[in-house]
Amino acid sequence: MAVIPVELAGRSYQVRVGSGLLADLPAQAGKLLRKERVPIVTDANVARHWREPVEAALLAAGKEPRWLVLDPGEGAKSWQGLAHVTDWLLAEEVERGDHVIALGGGVIGDLTGFAAAILKRGCGFIQLPTTLLAQVDSSVGGKTAINTGAGKNLIGAFHQPSLVLADLDTLTTLPPREMRAGYAEVIKYGILGDAAFFEWCERNGPAVLAGDRTVQEYAVTESVKAKARIVAEDERETTGARALLNLGHTFGHALEAETGFSDRLLHGEAVALGMALAARYSARRGYISDEHAERVTAALDAAGLPSEIAALGIEADGRKLAGHMLHDKKMDAGTLPFVLLAAIGQAFLDKEVALDDIATFLDEELRAH
Ligand code: NAD
Ligand code: GLY
């Protein structure tokens, strides 16, 4: 088991990565589970595979697991979903000193984390991430949120978990498309800040996706270390360090909006395509060479991730796609900071990008491929 500390004044916690962690939940959580009753929020897909080991471990430790099993999918991250979870936690008499468990992907983690942030002005929570995306990204760093009609993740809070247990066994039941989508966030850490890790991904990406446990553990551990380092430096995304984690997200967000935040384009797939676009736009601006942009594209292609807008079959032109970016929550006093590349492994925040130029670039992309 690898243990990665997330160092935050007064709110430090550990991310533990390994096998058999769900079945060891009572020992891993220790005093965090201070009462007999243990409230757990999950979704039906996750419950089908992973409820049993959690239930058995808690019962064996003399606990009383209490389950809220939600319908799978992004729809749970809504006002209605939030009301459902918070009403249930109140009915379960959860107190501020208690810990609620989020067992699932980013949807369950974001929703349960936000419910914990506002329940009685804040109770504790433990993340048990079961997707690759959640293990390497969403369970770490304390961003919690729901979606509204106005957009994704616009209502939320920073609320750090007390513990994250990333059990690699859970990846064995994850559909391959979800694995690939999560892998986009793994390779992102290489592209944005660690050229050596990017090269490792070029060599080992296929083995990660094929389920090789040793390389998976390395991929998750290195990703979490990178995220923990950035979160410790800039917990609330105020200095620009954490904003680099948004590499690929501004382009990706526009494409997710255009495809209706639907299964047509999963979040990780949108991030992959967004990173390819950010690399090519960086080359267009002369920050990196065309060869380096092509290397980013090739690494995403090799993982079966999308890297060309044309393949999406969308009708929109560049202006419409750029228009979606105006609703991005990263808009700041009329400008939208873009994460671009000065090199593979060296991202930077460009606050001077004109959306007109982005629209022209996207039109070229739509025509060129
Ligand atoms: P998800 O939670 O919807 O999970 C994807 C699918 O896999 C779902 O159908 C789920 O039921 C299923 N599933 C989960 N674990 C499984 C397992 N082990 N075996 C079989 N099926 C399993 O999606 P996700 O990709 O994990 O997360 C996406 C969400 O995360 C989005 O809402 C996004 O906004 C959010 N996110 C948040 C952050 C953050 O910092 N908080 C970062 C990135 C993404
Ligand atoms: N997923 C981006 C962040 O946590 O900041």
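Ligands are counted one by one from 1 in listed order, and the atoms in each one are counted from 1 as well.
- Enclosure of atom NE2 in H84 is not indicated, since only 12 or fewer non-hydrogen atoms of other residues, nucleotides or ligands lie within 6.0 angstrom.
- Of the protein's non-hydrogen atoms, the one nearest atom 21 (N) of ligand 1 is P175 CD, 3.9 Å.
- Close approach to D137 involves these atoms of ligand 1, each under 4.0 Å from a residue heavy atom: 42 (C), 43 (C).
- Between the side chains of H49 and T170, no donor N or O sits under 3.5 Å from an acceptor N or O.
- Looking at E315 and K320, no side-chain N of the basic residue comes within less than 4.0 Å of a carboxylate O on the acidic one, giving no salt bridge.
- Between the R96 side chain and the G124 main chain, no donor and acceptor come within less than 3.5 Å of each other.
- Contact annotation: for E178 versus ligand 1, heavy atoms closer than 4.0 Å belong to the side chain alone.
- Under 4.0 angstrom from ligand 1, there are no non-hydrogen atoms of R242.
- Looking at N153 against ligand 1, only its side chain comes within 4.0 Å, counting heavy atoms.
- The pair E95-K35 meets the salt-bridge criterion, since a charged nitrogen lies less than 4.0 angstrom from a carboxylate oxygen.
- Between the CG atom in L362 and the CZ atom in R367 there is a gap of 11.0 Å [rounded to 0.5 Å].
- With ring centers used as reference points, F338 lies under 6.0 Å from F251.
- For L174, heavy-atom contacts with ligand 1 shorter than 4.0 Å involve the backbone as well as the side chain.
- Looking only at protein heavy atoms, the nearest one to atom 44 (C) of ligand 1 is L133 CD2, 3.6 Å.
- The side chain of D110, and not its backbone, has at least one atom closer than 4.0 Å to an atom of ligand 1 (non-hydrogen atoms only; side chain from C-beta on).
- Ranking protein heavy atoms by distance to atom 17 (C) of ligand 1, first place goes to T173 OG1, 3.5 Å.
- Any N or O atom pair closer than 3.5 Å counts here, and H49 shares no such pair with ligand 1.
- Below 4.0 Å from some heavy atom of P72 lie the following atoms of ligand 1, by number and element: 11 (O).
- Side-chain contact of E222 with Y189: a donor-acceptor pair under 3.5 Å is absent, judged by distance alone.
- Applying the 4.0 Å criterion to heavy atoms of V107 picks out, from ligand 1, the atoms 1 (P), 2 (O), 3 (O), 27 (O), 29 (C), 32 (O).
- Ring centroid separation for the pair H159 and F125 comes in under the 6.0 Å cut-off.
- Ligand 1 lies nowhere less than 4.0 angstrom from a heavy atom belonging to E256.
- For ligand 1 and W50, the ligand atoms under 4.0 Å from any heavy atom of the residue are 18 (N).
- For atom 4 (O) of ligand 2, the choice among K227, E185, K143 with the nearest heavy atom turns out to be K227.
- Scanning the protein heavy atoms around atom 4 (O) of ligand 1, the nearest turns out to be T131 CG2, 3.7 Å.
- Of the protein's non-hydrogen atoms, the one nearest atom 15 (N) of ligand 1 is T130 OG1, 2.8 Å.
- Ring centers of F261 and H253: under 6.0 Å apart, within the cut-off.
- Here is the list of ligand 1 atoms found below 4.0 Å of a heavy atom in K77: 31 (C), 32 (O), 33 (C), 34 (O), 35 (C).
- Ion pairing of D290 with R280 is absent here, as no side-chain N (NZ or NE/NH1/NH2) approaches a carboxylate O to less than 4.0 Å.
- Shortest contact from atom 9 (O) of ligand 1 to any protein heavy atom: N45 ND2, 3.1 Å.
- Counting only heavy atoms of the protein, atom 38 (C) of ligand 1 lies nearest to S138 CB, 3.2 Å.
- Not a single N or O atom of A134, backbone or side chain, sits closer than 3.5 Å to an N or O atom of ligand 1.
- Listed by number with element, the atoms of ligand 1 under 4.0 Å from a non-hydrogen atom of T170 are 17 (C), 18 (N).
- Listed for the T172 side chain is a donor-acceptor partner under 3.5 Å among the backbone atoms of D169.
- Only the side chain of D137 comes within contact range of ligand 2, with a heavy atom under 4.0 Å; no backbone atom does.
- Contact annotation: for D43 versus ligand 1, heavy atoms closer than 4.0 Å belong to the side chain alone.
- Of all protein heavy atoms, the one lying nearest to atom 23 (O) of ligand 1 is G106 N, 4.1 Å.
- Less than 4.0 angstrom separates some heavy atom of K227 from each of these atoms of ligand 1: 40 (O).
- One finds a salt bridge joining D356 and R319 here, because a Lys/Arg side-chain nitrogen approaches an Asp/Glu carboxylate oxygen to under 4.0 Å.
- Within the set Q135, K152, E185, the minimum heavy-atom distance to atom 34 (O) of ligand 1 is found for K152.
- Contact check on E235 versus R242 returns no salt bridge, with no Lys/Arg side-chain nitrogen under 4.0 Å from an Asp/Glu carboxylate oxygen.
- A side-chain hydrogen bond (donor to acceptor under 3.5 Å, both in side chains) with D98 is found for one member of R34, K120, R37 and no other, namely R34.
- Residues L33 and V15 do not share a hydrophobic cluster, clusters being chains of Ile/Leu/Val/Met/Phe/Trp/Tyr side chains in contact below 4.5 Å.
- The atoms of ligand 1 that sit less than 4.0 Å from any heavy atom of V46 are 13 (N), 14 (C), 15 (N), 16 (C).
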